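For reference, the structure is listed below as structure tokens.
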There are 2 protein chains.
Amino acid sequence: MPESTVTKPAQGYRARVRAELTAEIKAAATRQLEAEGATSLSLRAIAREMGMASSAIYRYFPSRDELFTALIIDAYNDVGDRVEAADAACAPTNYHDRFLGVAKAIRQFALDSPHQYALIYGSPIPGYKAPQDTIDPAVRVPVCLMTILVDAKPKGGKSKKLDQAMAGLMDFTGHSITPVALARGVQAWGEIMGLISLEMFGHFENAISDPAVLFDHAMGELADRVVQ
Amino acid sequence: MPESTVTKPAQGYRARVRAELTAEIKAAATRQLEAEGATSLSLRAIAREMGMASSAIYRYFPSRDELFTALIIDAYNDVGDRVEAADAACAPTNYHDRFLGVAKAIRQFALDSPHQYALIYGSPIPGYKAPQDTIDPAVRVPVCLMTILVDAKPKGGKSKKLDQAMAGLMDFTGHSITPVALARGVQAWGEIMGLISLEMFGHFENAISDPAVLFDHAMGELADRVVQ
DNA sequence: CACAAAAGAGAGCAGTGCTCTTGACAATGG
DNA sequence: CCATTGTCAAGAGCACTGCTCTCTTTTGTG
């Protein structure tokens with residue numbers, strides 16, 4: 001939570017206690033999220049667990065949605081950290097390994113924190129509109145993926161239609177990559193997220209008994225195709 | 001005429017009214033689902049809309065989850081119908097067109113019924129366990145996709161690990177296709193669902209302004225790769 | 001027609017997010 | 001040193017939710 005830096009510069013005892021309590025509420029919420037899922041996350045239950053009145057929670061989070069926002073940002077940052085760490089652990093020019101590492105990091109995040117994964121990559125919570133603060137953490141994963149792609153300098157044709165259909169992405173890459181190659185990167189992103197989501201949300205039931213084997217095979221094939 | 005009066009007889013007036021009311025409740029629920037999303041679907045609101053007591057709904061659906069199950073089955077059958085129709089509209093040996101038609105049918109379903117799409121392909125509702133009745137409608141889409149793949153008789157290597165990782169799927173295809181080729185089909189399924197989900201759940205915001213162009217391009221490229 | 005089965009209505013329980021008011025406390029200015 | 005000010009927690013209460021139970025009405029059929 002970004003604490004208001006505009007208030008008294010003192011940052012005394014009071015501010016510290018407030019920050020600690022805010023963190024504790026978020027921790028309790030995370031615990032509940034992991035145990036029960038997003039929709040059954042209850043402010044009253046959090047208050048109960050913390051031994052305080054439910055109304056007191058509102059001193060720290062003005063609404064349930066604000067708490068959700070905090071959890072969503074945390075989740076995005078969690079997977080972002082993992083992905084960037086996996087990327088950094090590889091030799092910068094070994095695009096194949098970087099791609100593989102990133103893909104596996106995303107899946108591992110999903111396996112470790114299924115509810116967090118569902119929170120950010122599943123159906124959006126109805127009535128909840130993601131505020132601006134979430135987009136910076138949210139783009140970390142695709143940015144990492146696209147950076148690897150750009151670094152690999154892949155071949156690919158031009159396409160005016162594709163170019164303007166992906167205008168935002170093209171701007172981000174500084175037009176240092178052709179639209180067709182960039183589209184291949186988005187496709188790869190889609191395949192990664194699609195395979196993980198199908199697995200996490202139960203669509204592999206009775207069909208694929210060992211999703212890890214399939215995923216690793218698919219990512220190897222995908223990396224061959226997309227980078228180098 | 002043999003009169004078996006003991007079992008459910010003739011299905012007279014009463015049974016018809018019951019079937020009609022059940023359908024009407026489901027219709028009202030669908031309307032609410034489309035307007036507000038799954039989590040804010042309220043039995044009391046449905047009862048209010050129909051001008052009956054909330055408790056009366058329970059004569060038709062024993063619980064909210066049962067209503068959800070009905071809606072989920074409907075959604076699966078909706079997309080299943082579309083997909084099978086799109087497939088049947090193509091020349092059976094034109095695998096490229098069949099694949100493209102199926103992929104576009106899934107995306108069109110998502111665009112037409114975003115909440116239904118989220119219901120079946122988004123995060124599962126916590127605490128809700130899909131009963132057996134949902135799996136038959138659920139597999140219609142992947143079955144259609146895999147059937148096209150098998151028909152296309154694609155090349156591909158063997159892999160014992162992959163073979164047993166996808167044992168269920170291999171059985172379904174009658175082992176008439178190699179594991180590597182089948183995996184390619186699952187990857188294609190993943191890419192289709194991944195791209196649609198990323199689009200539907202807002203992850204293309206500010207990056208891809210015209211998802212239709214990207215999707216069509218991706219599917220063309222994908223079809224080239226997977227069939228024929 | 002009589003009667004059992006089916007359907008509807010209403011009250012009630014435990015839970016939810018959220019608001020408003022009230023009282024307690026700590027930090028600070030005169 | 002006391003009074004003011006801002007912060008915090010608590011409690012009651014509102015409008016909801018899913019669901020159960022009981023009671024009454026309706027209705028098809030032997």
Side-chain angles (χ1 to χ4, degrees), chain A residues 1 3-4 6-25 28-29 32-33 35-71 125-129, chain B residues 1-25 28-29 32-33 35-71 125-129:
Chain A
M1 277 265 80
E3 49 189 37
S4 52
V6 197
T7 55
K8 290 296 162 79
Q11 304 290 22
Y13 170 79
R14 212 131 176 179
R16 249 224 339 260
V17 166
R18 183 179 177 83
E20 272 170 23
L21 260 183
T22 305
E24 205 173 317
I25 291 173
Q32 256 195 47
L33 175 69
E36 303 279 346
T39 63
S40 54
L41 202 162
S42 148
L43 287 183
R44 293 179 114 111
I46 294 171
R48 226 176 290 131
E49 182 181 328
M50 299 188 57
M52 72 197 305
S54 65
S55 52
I57 301 281
Y58 288 85
R59 295 262 169 217
Y60 300 89
F61 292 94
S63 77
R64 194 168 173 264
D65 279 4
E66 294 282 330
L67 219 187
F68 267 127
T69 299
L71 295 181
I125 300 161
Y128 173 82
K129 185 74 191 77
Chain B
M1 289 299 286
E3 264 286 308
S4 63
T5 56
V6 191
T7 61
K8 284 194 236 166
Q11 305 292 14
Y13 173 78
R14 205 138 181 174
R16 241 204 11 238
V17 165
R18 183 178 177 85
E20 273 169 23
L21 259 183
T22 306
E24 206 173 317
I25 291 172
Q32 258 195 48
L33 175 70
E36 303 279 345
T39 61
S40 54
L41 201 161
S42 146
L43 286 182
R44 291 179 114 111
I46 294 170
R48 228 175 291 130
E49 183 180 327
M50 299 188 57
M52 71 199 303
S54 67
S55 53
I57 300 282
Y58 288 82
R59 297 266 173 217
Y60 300 89
F61 292 94
S63 79
R64 193 169 173 263
D65 279 3
E66 293 281 330
L67 220 188
F68 267 127
T69 300
L71 295 180
I125 300 162
Y128 174 82
K129 184 77 192 71

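What you see is a predicted model; the values in this text were computed from it and never measured. Order of the sequence lines fixes the chain letters, A, B, ..., with proteins taken first and strands second; residue numbering starts at 1 for each chain. These values consider heavy atoms only, across backbone and side chains, with no hydrogens, waters or symmetry-generated copies.
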Atom-pair distance (CE on B:Met52; P on D:dT25), nearest Å: 18 Å

Non-hydrogen atoms of B:Ala47 and B:Ser54 that approach each other most closely: CB-CA, 3.5 Å

Phosphate contact (C:dA6 OP1 or OP2) by B:Arg18 side-chain N/O below 4.0 Å: no

Base of D:dA9 paired with side chain of A:Ser55 (donor-acceptor, under 3.5 Å): no

A:Phe61 side chain reached by A:Leu43 side chain, heavy atoms, under 4.5 Å: no

Non-hydrogen side-chain atoms of A:Arg44 and A:Ile57 separated by less than 4.5 Å: no

Euclidean distance, atom CG of residue B:Leu67 to atom C1' of D:dG18 [Å, nearest integer]: 12 Å

Sugar-phosphate only, base, or nothing, as touched by B:Ile57 at under 4.0 Å among non-hydrogen atoms: nothing

Phosphate OP1/OP2 of C:dG8 contacted by B:Tyr60 side-chain N/O (<4.0 Å): yes

Atom-to-atom span, CG of A:Asp65 to C1' of C:dC18 - whole angstrom: 12 Å

Touch class at under 4.0 angstrom, heavy-atom based, for A:Leu21 against every strand present: sugar-phosphate

Between P of C:dT16 and CG of A:Leu41, the distance in whole Å: 11 Å

Interatomic distance, B:Glu66 CD vs D:dT20 P [rounded to whole Å]: 12 Å

A:Ser42 side-chain N/O to C:dT16 phosphate OP1/OP2 under 4.0 Å: yes

Distance, rounded to the nearest Å, where B:Ile46 contributes CD1 and D:dC19 contributes P: 11 Å

Candidate pair B:Met50 and B:Leu21, rule side-chain contact (heavy atoms from CB on, under 4.5 Å), full reasoning: CA-CA 10 Å; B:Met50 299 188 57; B:Leu21 259 183; 3.6 Å; yes

Separation of atom CD1 in B:Ile25 from atom C1' in C:dG8, rounded to whole Å: 12 Å

Test item: A:Glu36 side-chain N/O and A:Leu41 main-chain N/O as donor-acceptor pair under 3.5 Å: no

Phosphate contact (D:dC8 OP1 or OP2) by A:Arg59 side-chain N/O below 4.0 Å: no

Atom-to-atom span, CZ of A:Arg64 to P of C:dG15 - whole angstrom: 17 Å

Minimum-distance nucleotide to A:Tyr58 side chain [options: D:dG18, C:dG17, D:dG11]: C:dG17

Sugar-phosphate, base or nothing in reach of A:Arg44, heavy atoms under 4.0 Å: base

Comparing A:Ser54 and B:Ala56 on DNA chain C - which has the more 5′ nearest nucleotide: B:Ala56

